[in-house]
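If you read the sequence from its start, that first residue is 1, and numbering goes on from there.
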Amino acid sequence: RNAFGQWLKTDSQNITMGTNTSEMLCMIANGYPFQPGDQIISYVHEYPANHYPWILQCQRRQVELILLADSGIDSNLTSPPVFAKTNASDPTPPLGWSMKELESRITNRTRMIAISHVQFTSGFAADLVRLGELCRQHQIDLVVDAAQSLGCLPIYPEAMNISCLAAAGWKWLMGPIGTGVMYTSPEFRNKIEITMAGADLMLQDTDYLNHQWNPHQSGKKFEYSTMSYALLDGLSAGVEEIFLKTTPESIRDSIFRLQEQAIARLDPQKYLPIVHPIQHRSAILSIVPLRKPAAEISAELESAGIVITPRDGYLRFAPHFFTPECQVTAAVETLNRIG
């Protein structure tokens, strides 16, 4: 908690350790004081961890989920890209959402904006500074899925007016599978009803026969039972030994340099990189294959020892700051050869 408090520039009391993004967002969704008719704004192509918890609230508590349409207006494209597809009926992959539409969908019933910092398909990043200020003006809670950004982009939840931020530990944080971390502001945390309870939740700690209802009010409010401390120790070691010895800005800049290296070498007759404006750029560089389907190219790359994940028609190119430039060059050369 101390390590993540330092990384996020917040008090360790605002940090919760968990097992994955879905678990933590479900606790928030189930405990939030929604009333029938309340509205949540999200994006039509959200990752499931930040979609299904809100769908359940629609079904159980008559909450309305407002889904922003897909829009390419914030990318470098003047028209939708033409993808190489396995079937002509395959849908066009997502690009991103529009802040203009988001502002137009806010009403006096809007309680929450639940959005991924970075969209896992196109790499479109929300402008959290602008979004947080909008939420401040309208007294809306901003809930952020940071699984695709924590560890590679700067995120400072207090400065950005984020009410809740949740992320898995095994992506850009390079930690073990089965770990996760969540930030909640004290004001937001006080709103959330406890829906998962166990021995670890209580201030009386190992005095197990003391059944007084006396839960933690810090981020430990959501740590209801035993977790794998071995896995969390691995996650903590990575944050302490790697991330706290540099800065999020330095990591971001290193990744962007690797991306620029890849973009400069890509064959424009075979690939179209989706380069978002700087305020919407992320550590994911999504590439449109123009001649062969993404899944087919990915399989050929894997046989050559190169991992570039296919996602909804894109090739998702995502080197981390430690990736050697020679590996990026080799990957792009192979892409060009088989594309």
Side-chain angles (χ1 to χ4, degrees), residues 1-34 49-50 52-53 56-57 60-61 112 114 141 143-147 150-151 155-158 162-245:
R1 295 189 201 93
N2 288 334
F4 276 106
Q6 291 179 57
W7 183 247
L8 295 171
K9 294 186 178 179
T10 188
D11 193 291
S12 62
Q13 296 292 302
N14 297 327
I15 301 299
T16 300
M17 303 313 301
T19 58
N20 56 67
T21 311
S22 295
E23 176 194 46
M24 293 181 287
L25 288 182
C26 280
M27 286 193 284
I28 296 302
N30 291 331
Y32 193 86
F34 288 117
N50 200 23
Y52 293 133
L56 286 175
Q57 304 314 308
R60 295 173 179 172
R61 294 199 274 178
M112 180 184 294
D141 284 312
V143 176
V144 176
D145 178 344
L150 191 60
I155 312 177
Y156 304 118
E158 290 185 18
I162 295 171
S163 298
C164 172
L165 178 150
W170 61 88
K171 297 191 179 186
W172 294 96
L173 288 167
M174 304 185 294
I177 290 178
T179 59
V181 60
M182 181 168 67
Y183 160 88
T184 49
S185 71
E187 298 79 15
F188 181 80
R189 199 161 55 243
N190 288 339
K191 293 182 183 181
I192 307 300
E193 182 181 345
I194 292 171
T195 59
M196 301 285 285
D200 288 9
L201 182 70
M202 299 301 170
L203 285 166
Q204 54 264 42
D205 197 22
T206 56
D207 186 8
Y208 296 130
L209 292 184
N210 178 355
H211 290 172
Q212 181 182 2
W213 184 258
N214 194 17
H216 287 280
Q217 298 304 308
S218 68
K220 292 178 71 174
K221 175 178 181 177
F222 306 109
E223 297 177 8
Y224 57 92
S225 190
T226 307
M227 293 177 279
S228 172
Y229 300 116
L231 296 181
L232 289 176
D233 203 33
L235 178 63
S236 179
V239 177
E240 293 171 3
E241 296 300 320
I242 298 172
F243 292 100
L244 289 181
K245 292 183 178 179

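A distance of 11.0 Å separates CD in Q6 from CG in D11, rounded to the nearest 0.5 Å. Atom CD in E223 sits 7.5 Å away from atom CE in M17 (nearest 0.5 Å). Interatomic distance, CG of L203 versus CG of N210, reported as 10.5 Å (0.5 Å rounding). Between the CH2 atom of W7 and the CG atom of L173 there is a distance of 8.5 Å, given to the nearest 0.5 Å. Put simply, CE on M182 and CG on N14 are 11.0 Å apart, with the number rounded to the nearest 0.5 Å. A distance of 9.5 Å separates CD of E240 from NZ of K245, quoted to the nearest 0.5 Å.
Proximity of a side-chain donor or acceptor of E241 to a complementary backbone N or O of A237 within less than 3.5 Å is not detected. Formation of a donor-acceptor pair under 3.5 Å by the K221 side chain with backbone atoms of E193 is not found in this model.
Using the six-membered ring where Trp is involved, Y32 and F188 have ring planes that are tilted, between 30° and 60° apart.
Side-chain atoms of M174 and I242, non-hydrogen and from C-beta on, do get closer than 4.5 Å to each other. Proximity of I194 to L201: side-chain heavy atoms (C-beta onward) are separated by under 4.5 Å at one or more points. Side-chain contact check for N190 versus Q217: some heavy-atom pair is nearer than 4.5 Å. Side-chain atoms of M202 and W213, non-hydrogen and from C-beta on, do get closer than 4.5 Å to each other. Within the 4.5 Å cutoff, no side-chain heavy atoms of L8 are placed close to those of Y156.
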Side chain to side chain contact (heavy atoms under 4.5 Å, CB included) between I177 and L231, intermediate numbers included: CA-CA 8 Å; I177 290 178; L231 296 181; over 6 Å; no

CA sep, side-chain torsions, deciding dist, call: Q57, N30, side-chain hydrogen bond (donor to acceptor under 3.5 Å, both in side chains): CA-CA 7 Å; Q57 304 314 308; N30 291 331; 3.0 Å; yes

Candidate pair I155 and Y183, rule side chain to side chain contact (heavy atoms under 4.5 Å, CB included), full reasoning: CA-CA 11 Å; I155 312 177; Y183 160 88; over 6 Å; no

Between Q212 and Q204, is the side chain to side chain contact (heavy atoms under 4.5 Å, CB included) condition met? List the steps. CA-CA 8 Å; Q212 181 182 2; Q204 54 264 42; 4.2 Å; yes

Dump the intermediate steps for side chain to side chain contact (heavy atoms under 4.5 Å, CB included) on H216 and F222, then the final yes or no. CA-CA 8 Å; H216 287 280; F222 306 109; over 6 Å; no

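Taking each heavy atom of L235 and P176 in turn, the nearest pair found is N-CD, 3.6 Å. D141 and S163 get closest at one heavy-atom pair: OD1-OG, 2.9 Å. Closest approach of A49 and L25 over heavy atoms only: O-CD1, 3.5 Å. Minimum heavy-atom separation, R1 to I15: CD-O, 3.6 Å. Closest heavy-atom contact between A167 and L150: CB-CD2, 3.8 Å. Contact record, N20 with M24: O-CE, 3.2 Å, taken as the closest heavy-atom pair.
R189 and T184 form a side-chain donor-acceptor contact under 3.5 Å, judged by distance and modelled atom types alone.
Comment: D200 does not engage K220 in a salt bridge, judged by the lack of any side-chain N to carboxylate O separation of less than 4.0 angstrom. Here K191 does not pair with E187 in a salt bridge; the nearest charged N to carboxylate O distance is not below 4.0 Å.
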